[in-house]
Amino acid sequence: MTSTAEPEVGRARLRKEDARLITGRTRWTDNMSLPGMVHLAVLRSTEAHAKIVSIDTSAAKEMPGVIAVLTGDDLDPGGQLGMPCAWPISPDMKSPRRPVLAQGQVNFAGEGVAVVVARSAAEAEDALASIDVEYDELPVVLGMENALAEDAPLVHEELGTNRNALWVFDSGEAGSGGDVEQAISEAEVVVKRRFRQQRLVPAFMEPRSCVVDPTAAQLTMWSATQVPHILKTMAALTLGIPEHKLRVIAPDVGGGFGGKIAVLPEEIMALLVAQKLGKPVKWTESRSESMVAAHHGRDQIQDLTIAARRDGTVTGLKVELLADMGAYLGLVGPGVPILGAFMFNAIYKIPAYHFACTNVFTNTTLTDAYRGAGRPEATFGIERIMDELAAELGMEPLELREKNWIKHEEFPYTTVSTLTYDSGNYEAATEKAKQLFDYDGLRREQRERRERGDPVQLGIGISTFTEMCGLAPSRVLGSLDYGAGGWEHSAIRMLPTGKVEVITGSSAHGQGHETAWSQIVSDQLGIPFEDIEVLHGDTQSSHKGLDTYGSRSLAVGGIAVVKAAEKVVAKAKPLAAHMMECSEDDLEFAGGKFTVRGTDKSTTIQDVAFAAFMAHDLPEGMEPSLDAEAVFDPENFSFPHGTHLCAAEVDTETGRVALRSYVCVDDVGSVVNPLIVEGQIHGGLAQGIAQALFEEAVHDESGTLTSGTFADYLLPSAADLPSFTTDRTETPSTTNPLGVKGVGEAGTIASTPAVVNAVIDAVRHFGVNDIEMPLTPMRVWQAIRTGASAAGGPGAEAGGGLGSIDSAQGGAR
Amino acid sequence: MIPAPFDYVAPSTVDEAVRALVDAGEDAKVIAGGQSLLPVLRMRLAAPTTLVDLGRIAELRGVREDGDALVIGSMTTHYDVQRDPLIGEHAALLARATDTVADPQVRHRGTFGGSIAHADPAGDLLAPALALDAEMLVAGPAGRRTVPAADFFDDFFTTAMSPEEILVEVRVPKHTGWHAHYEKFNRVAQAWSMVAVAATVRTEGGTIAEARVGLTNMASVPVRARGVEQALVGQAATPETIRAAAEHAAEGTNPTVDGNADVEYRQQLARVLTGRAISAAMAG
Amino acid sequence: MRITVTVDGTSYTDDVEPRTLLVHHLRERLGKVGTVVGCDTSNCGACTVHLDGHSVKSCSVLAVQADGCEVTTVEGLARDGTLHPVQQAFHDNHALQCGFCTPGMIMQSIDLLADNPDPDEQAVREGIEGNLCRCTGYQNIVRAVQDAAHHMRPGAGPEAERVAGVDQATGSRAASSVGGGGE
């Protein structure tokens with residue numbers, strides 16, 4: 001590479017990761033097979049809430065191939081072990097113990113009750129049916145308002161309440177704004193709405209899996225996890241394993257979306273069983289198991305009140321949330337809705353703001369992070385109610401937004417929720433989106449269709465969003481009582497032959513870090529892209545890190561890489577000067593070469609690395625290495641933003657929604673790899689649209705998950721989604737040297753309200769002002785017919801999936 | 001998930017298959033394409049002691065002409081039905097309905113007869129078979145017998161066949177030159193039908209001479225929309241007459257309620273989709 | 001039961017339990033772990049392989065049903081170190097992120113192109129409707145399949161001639177052979 005070469009950062013590099021993934025040479029955890037390995041299968045509770053009267057494992061123990069059948073009491077006789085929650089959001093938060101396997105009581109359908117250890121996975125599964133559990137049913141607590149009712153039965157009797165925690169932010173008290181009650185009482189216009197964020201399943205494609213090898217020098221666990229470093233520390237703490245005796249490896253991981261930010265009971269089980277038996281152990285879940293046992297996401301009831309003047313100036317926003325935790329607290333579950341506290345005010349200048357969130361226990365699968373985690377919920381709430389306010393005022397919804405958003409010349413801007421947005425240009429993104437969308441043309445067509453009473457009505461949905469990414473400045477996490485910092489680590493190894501190994505604490509599972517980090521290092525060190533290998537996901541090689549979630553990898557982990565590279569150059573410089581017999585001050589470094597200023601005398605960093613390796617002739621006192629590491633703690637969040645426009649056609653005779661066009665212009669700051677950025681946006685859009693139209697985790701009145709397979713939990717296929725028009729504006733972040741902001745969650749956060757707003761806009765003239773998600777054809781049709789918001793009802797259930805397969809008539813098709 | 005253990009036999013003739021079923025007793029099960037059965041076995045919603053696989057019986061595959069009818073072997077795959085020139089010419093309705101079954105991989109394995117015998121009211125081939133007055137030839141220990149489609153479907157997943165009988169072939173009267181369309185409504189592409197309408201129409205001049213309309217998932221069995229058929233016959237095929245006829249579509253239906261649709265909504269869909277199916281048939 | 005299955009060009013004879021699914025036979029007995037399991041209900045398509053030239057979900061086929069058959073998996077597509085055009089197109093168009101659905105997507109895309117060598121966008125979308133992806137939103141997958149179609153078109157150059165396999169005279173086809181897949 002020469003100094004005139006095109007920079008790597010910004011290039012649409014094809015991914016390094018692909019080679020193994022497109023040829024099947026993958027290392028999924030379930031591919032792992034070790035000598036003498038035994039298999040685990042977990043018996044899961046069929047009851048949502050019950051006392052366990054007895055568990056009879058004797059017959060199962062006699063089944064072929066069975067080595068052991070263990071209950072919670074077998075694994076943890078003292079009842080001491082509890083799965084960790086790392087985010088106690090308030091000092092008085094109620095935190096029930098979550099055992100590895102249920103002890104005495106089950107609290108959701110799907111909770112582990114016993115584990116079979118057998119020679120094969122099939123034999124382990126066979127033995128499950130022979131375990132006899134006697135339950136004594138307890139009243140099932142479902143629905144957050146039911147759970148909070150005066151005389152409600154309790155999920156955890158010993159807590160005395162189903163209320164997990166209350167978390168409040170008030171701009172009047174914080175001094176960041178006015179008093180919201182006053183704003184509401186003095187307002188010319190007040191709009192109140194209740195929105196429901198249905199429960200979702202993250203539905204990563206690779207089911208979770210772990211393998212534990214107790215015969216290795218360190219107790220070694222492979223796991224399909226997003227968080228190998230957190231898992232290592234938490235598992236060590238939970239089980240009292242000395243941390244230096246445990247190694248965690250996240251090999252190829254097939255998606256996460258927040259759903260693999262967890263420390264699993266099954267991982268703890270596998271560690272316990274492997275140590276007990278002295279044999280390698282594997283657990284791989286089935287999809288059906290994953291649906292009930294892996295954590296869910298979202299599930300909020302949002303009560304919003306917005307106050308404004310007649311001219312559209314927003315004067316106050318009050319947000320009251322109920323958030324369903326499920327039966328226990330996940331690793332960061334209680335904090336997920338709290339992340340939304342900072343985002344309801346979104347891109348708007350809102351002078352008074354109040355946020356209160358009540359977390360609630362119910363007898364359901366626990367909830368925790370799912371792509372966006374708290375921010376999609378907030379964005380949905382504010383972008384929906386902005387449309388409702390516009391309708392109330394008779395204003396064009398884009399104009400209302402423009403009237404209230406932060407102008408580009410007003411950055412940096414400190415919001416009513418106390419965040420300082422460093423940069424942004426909402427005008428530019430919106431203008432570009434309008435052009436690409438043909439906003440005016442579609443509005444015209446909408447009018448025409450409405451006037452002629454076309455059975456297919458057209459609606460336009462807007463979502464002008466921002467998000468807080470780059471989780472997170474450690475001091476901010478500290479102020480939120482989060483159980484860790486928000487830094488990230490990187491190290492660079494300069495190998496003798498001029499090649500480079502980059503170590504990162506970010507743990508990718510589809511994001512393309514190997515490619516993007518190579519691009520960054522290539523520019524920083526002037527090393528060819530191909531000569532760089534990125535190592536991650538193994539606590540032995542990548543010993544330090546806080547992993548991948550919250551669109552943090554590039555904005556935090558990527559910056560750590562830059563910092564490490566800067567240290568390498570700084571270490572190389574004295575040696576280069578020594579080699580060329582000049583003063584360090586005369587050297588400049590560019591394109592991988594140290595050049596003596598004003599001469600053509602130069603040496604490459606590879607030559608310097610070799611000289612350091614040989615160490616025959618180093619400057620006085622220099623250690624023989626250019627290797628360096630860095631830990632980066634961001635000073636601020638980053639704030640990607642964008643304008644998403646959706647045109648939806650609604651078939652008024654059937655209620656079916658078809659997306660006619662979807663345009664988004666995102667500003668994710670500077671871009672390392674536009675191909676990867678575009679891919680992240682596409683995938684994010686699909687998930688956000690799926691929340692709007694297709695997906696919902698539904699429990700029946702007994703607490704059984706009725707959408708428990710991919711036949712019932714409707715993930716959209718290619719045939720169910722349109723092509724998206726994506727574009728970007730680039731307003732660099734000013735708080736990191738790359739100017740990057742993060743892109744992993746943008747599409748998901750922005751798209752859900754854009755779609756729902758479009759559908760409501762298409763049918764508002766029928767008197768409809770809300771339809772509950774997912775916007776099933778029946779709900780849309782009913783809303784049109786009754787001219788009202790169609791909530792819940794039979795559409796809130798799953799069904800239809802496997803035909804009517806549960807009648808078990810079998811046969812063939 | 002892994003099915004519970006079972007014995008497996010793969011006979012090479014129909015007689016052997018019947019004998020295998022008799023020998024294996026009441027917990028035996030026939031596997032045709034297996035595309036509905038294997039997920040059921042994996043989920044352990046069923047645990048037959050023996051599977052009798054019809055996949056190696058050559059006699060059960062293929063489509064042939066027999067006078068004024070087509071004869072479709074029960075083990076003919078959906079993929080082959082979709083592409084069969086005889087079916088395209090004489091029973092286009094079946095081809096169009098088969099196009100919508102599940103997804104391409106499932107259509108490669110799944111079979112016409114398996115789908116009929118499974119008798120899931122949400123299955124897409126039952127209503128067309130009913131609308132076309134198909135006849136099922138079944139073989140059992142007492143020999144072979146023919147059952148008209150109208151008498152074949154008894155209830156959810158229940159047919160006139162006894163557990164020891166297998167479906168050999170389906171005889172479909174030729175509907176040469178008829179217009180046909182299958183209008184399917186579901187929430188995502190690979191899902192089962194919430195409601196679907198099978199419509200096929202013969203015109204003379206500009207007038208509808210004959211019409212056959214079958215409804216999918218509007219009761220525990222496929223339903224013939226006789227009111228619609230009667231309203232169409234003798235009419236000019238205008239949007240108005242089609243719309244008026246389609247208003248009869250939900251008459252006498254008794255659809256189930258599930259998460260995706262209640263009775264009222266399914267009946268609405270039946271009416272709307274019937275109109276669309278007939279219009280599309282005429283246009284095609 | 002003793003079965004013989006040819007997988008990616010190699011014949012294997014094994015004793016299997018009748019209940020063994022083809023995908024488990026491939027993964028656990030034959031070490032063909034490139035083919036993966038993503039669900040229990042045959043919805044996700046991650047396990048798609050070719051069975052006698054047609055795409056099937058190997059979680060919905062018993063190993064005993066594959067006795068005497070030829071199976072092609074994603075591991076059998078590349079020849080002499082050269083990627084199949086569909087594999088190449090997935091790479092070139094960034095049609096994968098986590099890559100878990102990718103083996104099934106690629107196998108189904110090859111099947112689709114065998115039936116329809118020049119699919120429009122809608123035909124591609126419907127052709128892969130039995131394969132779920134959670135990462136990509138499908139847009140780049142659709143682009144990749146159309147790109148591959150372009151490269152596999154007769155006359156597209158020496159690269160494509162390698163894989164031309166449709167018997168024009170009879171119209172018969174074998175998906176894997178069209179794709180140059182190891183049978």
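Atom set for the values below is all heavy atoms of this structure, side chains included, hydrogens, waters and symmetry mates excluded. Computed from a predicted structure; not experimentally measured. Convention: sequence-line order gives letters A, B, ...; per-chain numbering from 1.
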**Q** Would you compute the distance between atom OG of B/Ser193 and atom CZ of B/Arg187 and round it to the nearest 0.5 angstrom?
**A**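 Those atoms lie 14.5 Å apart.
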**Q** How far does CG of B/Leu21 sit from NZ of B/Lys29, to the nearest 0.5 angstrom?
**A**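 Those atoms lie 10.0 Å apart.
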**Q** So does C/Asp14 pair up with C/Arg2, basic N to acidic O under 4.0 Å?
**A**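 C/Arg2 and C/Asp14: not salt-bridged.
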**Q** At a heavy-atom distance under 4.5 Å, which candidate from C/Val61, C/Ile128, C/Thr20 has the highest pair count against chain B?
**A**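 Most heavy-atom pairs under 4.5 Å with chain B: C/Val61.
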**Q** Can you tell me how far the CZ atom of B/Phe112 sits from the CD1 atom of B/Ile72, to the nearest 0.5 Å?
**A**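 The CZ atom of B/Phe112 sits 4.0 Å away from the CD1 atom of B/Ile72.
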**Q** What's the verdict on side chain to side chain donor-acceptor pair (under 3.5 Å) for B/Thr98 and B/Gln82, showing C-alpha distance, side-chain angles and the deciding distance?
**A** CA-CA 6 Å; B/Thr98 305; B/Gln82 282 180 279; over 6 Å; no
**Q** For C/His54 and B/His108, take the angle between the two ring planes, folded into 0 to 90°, and tell me which bin it lands in: parallel under 30, tilted 30 to 60, perpendicular over 60.
**A**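 Correct class here is tilted.
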**Q** Are B/Glu169 and B/Arg64 ion-paired here, with the side-chain N under 4.0 Å from a carboxylate O?
**A**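 Looking at B/Glu169 and B/Arg64, the cut-off is met.
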**Q** Are the side chains of B/Leu269 and B/Leu273 in contact, using a 4.5 Å heavy-atom criterion?
**A**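 Heavy-atom side-chain distance check passes, below 4.5 Å.
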**Q** Could you please state which residues from residues 48-58 of chain B sit under 4.5 angstrom from chain C, measuring non-hydrogen atom to non-hydrogen atom, sorted by number, or 'none'?
**A**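 Only B/Leu51, B/Asp53, B/Arg56 of residues 48-58 of chain B have a heavy atom under 4.5 Å from chain C.
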**Q** Could you look at B/Ala10 and say if it's the side chain, the backbone, both or neither that has a heavy atom under 4.5 Å from chain C?
**A**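 Neither part.
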**Q** Return the minimal non-hydrogen interatomic distance between B/Ala129 and B/Leu94, and the atom names on each side.
**A**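 So the minimum-distance heavy-atom pair works out to N-CD2, 4.4 Å.
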**Q** Given the options C/His24, C/Gln108, C/Glu126, C/Met1, which has more heavy-atom pairs under 4.5 Å with chain B than any of the others?
**A**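 If we count pairs closer than 4.5 Å to chain B, C/Gln108 comes out on top.
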**Q** May I ask you to decide whether B/Glu89 forms a salt bridge with B/Lys174, counting only side-chain N to carboxylate O separations under 4.0 Å?
**A**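 The answer is no: the pair does not qualify as a salt bridge.
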**Q** Got a sec, which pairs hit salt bridge (charged side-chain N to carboxylate O under 4.0 Å, His left out) with one end in residues 56-69 of chain C, sequence neighbours left out?
**A**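 Residue pairs with at least one partner in residues 56-69 of chain C: B/Asp103-C/Lys57.
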**Q** Report yes if the distance between the aromatic ring centroids of B/His118 and B/Phe157 is under 6.0 Å, otherwise no.
**A**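 Here the rings of B/Phe157 and B/His118 have centres that are less than 6.0 Å from each other.
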**Q** Hey, which residues of residues 129-136 of chain C are touching chain B, say heavy atoms under 4.5 Å apart?
**A**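 Near chain B, by residue number: C/Glu129, C/Gly130, C/Asn131, C/Leu132.
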**Q** For a quick test of reading the model, state the closest non-hydrogen atom pair linking B/Met1 to C/Asp40 and the distance between them.
**A**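 The answer is SD-OD2, 3.4 Å.
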**Q** Tell me, out of C/Gly127, C/Cys59, C/Gly45, who's got the most heavy-atom pairs with chain B below 4.5 Å.
**A**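 Most heavy-atom pairs within the cutoff with chain B belong to C/Cys59.
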**Q** Are any of the side-chain nitrogens in B/Arg83 or B/Asp99 under 4.0 Å away from the carboxylate oxygens of its partner?
**A**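 B/Asp99 and B/Arg83: not salt-bridged.
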**Q** Determine the minimum heavy-atom distance between B/Met75 and B/Thr111, stating which atoms define it.
**A**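 Shortest heavy-atom contact: O-CG2, 3.6 Å.
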**Q** Against chain B, work out which of C/Glu17, C/Arg125, C/Gln65 has the most heavy-atom pairs shorter than 4.5 Å and name it.
**A**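 Result: the option with the highest number of such pairs is C/Gln65.
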**Q** Could you tell me which residues in residues 86-96 of chain C have at least one non-hydrogen atom under 4.5 Å from a non-hydrogen atom of chain B, sorted by residue number?
**A**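 Under the 4.5 Å heavy-atom cut-off, nothing qualifies.
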